[in-house]
Amino acid sequence: MHNRAHLTFPRRKLHYIQLIKVEWLLARIMPLQSSGGQKGSDPGGPGNDSGLLTKTVTRTQRPPLYKVMLLNDDFTPMEFVVHVLERFFGLNHSQSFEIMLTVHKKGLAVVGVFSAEIAETKVAQVMDFARRHQHPLQCTMEKE
Ligand code: TYC
């Protein structure tokens, strides 16, 4: 029941396109016979094609994802943690209460999974909010 925490967040459908260039050195296997080459002219000259063939392949890759976690401590009030989960993670009150209790009992819980930039922002927002309210609440991220 408590380990539902990490399932409650929809995965962001952020994709980015990465160009991956793959080169085949076909000419090394079948060197092209240019007329200039055969007649003994400069082998590196313009008439002698090295025959290097390239092919570009495009494919989509998912961005790396990061788990954002809250850590337990003995001092941060439960209501404050519930408020943090509602405010920064878009969870409703009962989801927030459930996750807070998971952290309280187990020591930590994943509260969401995000791309690197969004995870960094969430961690910074929570840490700043806790510090401003003088609570020792800790929020961290870890690559999935
Ligand atoms: N353990 C805290 C208490 O008993 C509550 C708490 C829950 C603190 C979750 C941090 O991430 C936390 N007041």
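Just so you know, ligand 1 is whichever comes first in the structure, and atom 1 is the first atom listed for that ligand.
- Separation of atoms NE2 (His83) and CE (Met100) is listed at 14.0 Å; rounding is to 0.5 Å.
- Closest to atom 9 (C) of ligand 1 among all protein heavy atoms lies Val103 CG1, 3.5 Å.
- The backbone N or O of Ala109 sits nowhere less than 3.5 Å from a side-chain atom of Thr102 that would complete a donor-acceptor pair.
- The distance from ligand 1 to the heavy atoms of Leu137 drops below 4.0 Å at these ligand atoms: 10 (C), 11 (O), 12 (C).
- Inclusion of His104 in the set of residues having an N or O under 3.5 Å from an N or O of ligand 1 is warranted.
- Gln138 places a side-chain N or O within donor-acceptor distance of the main-chain N or O of Pro136, the cut-off being under 3.5 Å.
- In the vicinity of Thr76, heavy-atom distances shorter than 4.0 Å reach the ligand 1 atoms 2 (C), 3 (C), 5 (C), 6 (C), 8 (C), 13 (N).
- Looking at every heavy atom in both residues, Phe88 comes nearest to Val126 through CD1-CG2, 4.1 Å.
- Here the shortest heavy-atom distance to atom 2 (C) of ligand 1, taken over Leu71, Asp73, Asp74, belongs to Asp73.
- Annotation: atom 8 (C) of ligand 1 to nearest protein heavy atom, Asn72 OD1, 3.4 Å.
- Relative ring orientation between His133 and Phe129 is described as tilted, the plane-to-plane angle lying within the 30° to 60° band.
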